[in-house]
Amino acid sequence: MAGPVAPEEQKFCLQEVLDTFKLCLSENKDVYLEHYIAGWRGLVKFLNSLGSVFGFISMDAVNKLKILVAYLEGENGSQYVTIQSMLKYELDNGLVDLTKKASNPESGCRTLLRLHRALRWLELFLERLRTSSEDSKTSVMCAEAYNESLAQHHPWVIRKAAGMAFCVLPGRLAFLEVMNVGPPEKVVAMLGEAIPLISEVYQITEELYAQHNLLELP
Ligand SMILES: CCCCCCCCCCCCC/C=C/[C@@H](O)[C@H](COP(=O)(O)O)NC(=O)CCCCCCCCCCCCCCC
């Protein structure tokens, strides 16, 4: 009776996110936008499974993913295959607002930068989770990771709202369970595999943006 399950109905699984981040890097270390987006989709699925309190966060991520998908599937989609090609194309064609919002407030470059900054939060948070002891609090790990990364780019209201959401995060064990990997030791082992991948994708993107002076795009 049970037919195939539509992808969006499947439960979050850390393995799936790990697999997509593995696919992100080409041989010469370019970052494929398609897989980057797929990785984020998986993370958003996770966030949604934590409850509606996180809705305002996942909605922003989903909106940004939609913008990128529209470019990737649009008439200039072939220019958006990798983050490297997107940057070159948008810069060469004056499609990026460099100092203040003007005619291109939703460039691929500035949109991806927001997700890129969030990826740093993820890396810091997952590393804390991986090395945490049984009595560690996810809310504290999450807030620390946030303060070291994303918070520096967010105005007070957002920081306040994010802080409130962190307080209702499930505890460490429940959190590890939602990842659908198995017992805590297995999750920790898989995190050990996933974090370096996420970190490499982050570093490559960071250096690329830094080279082109794009880290503060409005
Ligand atoms: C597991 C707990 C999840 C906590 C998520 C921590 C991140 C908190 C971010 C709060 C963002 C609030 C929403 C609004 C953001 C925007 O103002 C802001 C700026 O955009 P703009 O320049 O277009 O105006 N947007 C952003 O910074 C992008 C935020 C994207 C956040 C995505 C977070 C996804 C979290 C995925 C959770 C995965 C958990 C780990 C599972 C293995």
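When a residue number appears, it is its place in the shown sequence, counting from 1. As the structure lists them, so they are numbered: ligands from 1, and atoms in each ligand from 1. FYI, side chains are in, hydrogens and waters are out, and symmetry mates aren't considered; it's all heavy atoms of this structure.
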Element-labelled atoms of ligand 1 that are located less than 4.0 Å from some non-hydrogen atom of [X]:
| X | answer |
| --- | --- |
| L150 | 7 (C), 9 (C), 27 (O) |
| L47 | 3 (C), 34 (C), 35 (C) |
| I158 | 12 (C), 14 (C), 17 (O) |
| L169 | 1 (C), 2 (C) |
| R110 | 21 (P), 22 (O), 23 (O) |
| F166 | 4 (C), 6 (C) |

query = Taking the minimum heavy-atom distance to atom 33 (C) of ligand 1, which of N48, I57, L119 ranks first?
reply =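 Selected option, by shortest heavy-atom distance: I57.
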query = Among F56, W121, W40, Y146, which one has a heavy atom closest to atom 37 (C) of ligand 1?
reply =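 The option holding the nearest heavy atom is W121.
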inquiry  = Between D97 and K101 (salt bridge meaning N to carboxylate O under 4.0 Å), is one present in this structure?
reply    =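 Result for this pair is no, no salt bridge flagged.
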query = With a 4.0 Å cut-off, would you call E16 and K45 a salt bridge?
reply =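 Yes.
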key: L150 with W40, same ILVMFWY side-chain cluster at under 4.5 Å   =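 Yes, same cluster.
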ask   = Is M179 touching ligand 1 with its side chain, its backbone, both, or neither, if touching means heavy atoms under 4.0 Å apart?
value =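 The answer is the side chain.
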Ligand 1 contact on L115 by region, counting heavy-atom pairs under 4.0 Å =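 Under 4.0 Å from ligand 1, L115 contributes no heavy atoms.
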message = Checking F175 against F46 for the ring-ring contact (aromatic ring centres under 6.0 Å, His included) test, could you report, in this order, the C-alpha distance in whole Å, the side-chain angles of both residues, the deciding distance, and whether it holds?
response = CA-CA 10 Å; F175 200 94; F46 180 88; 5.2 Å; yes
With nothing but distance in play, are any N or O atoms of [X] less than 3.5 Å from an N or O of ligand 1?
| X | answer |
| --- | --- |
| K64 | yes |
| R114 | yes |
| D60 | yes |

Side-chain polar contacts of residues 54-61 - donor-acceptor pairs under 3.5 angstrom, sequence neighbours left out - could you list them?
from	atom 1	to	atom 2	distance (Å)
S58	OG	N48	OD1	2.8
S58	OG	G55	O	3.4
D60	OD1	K64	NZ	2.9
D60	OD2	K64	NZ	3.2

ask   = Is atom 24 (O) of ligand 1 close to the protein, meaning a heavy atom under 4.0 Å from it?
value =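 Given the 4.0 Å cut-off, atom 24 (O) of ligand 1 does not count as touching protein heavy atoms.
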ask   = So which heavy atom in the protein is nearest atom 27 (O) of ligand 1, and how far is it from that ligand atom?
value =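 Of the protein heavy atoms, H154 NE2, 2.8 Å lies nearest.
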ask   = Can you find a side-chain donor-acceptor pair between E90 and Y80 that sits under 3.5 Å?
value =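 Judged by distance alone, the side chains do pair up.
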Return a table of donor-acceptor pairs under 3.5 angstrom between the side chains of residues 188-201 and protein atoms on other chains or two or more places apart.
from	atom 1	to	atom 2	distance (Å)
S199	OG	E123	OE2	3.2
E200	OE2	K29	NZ	2.8

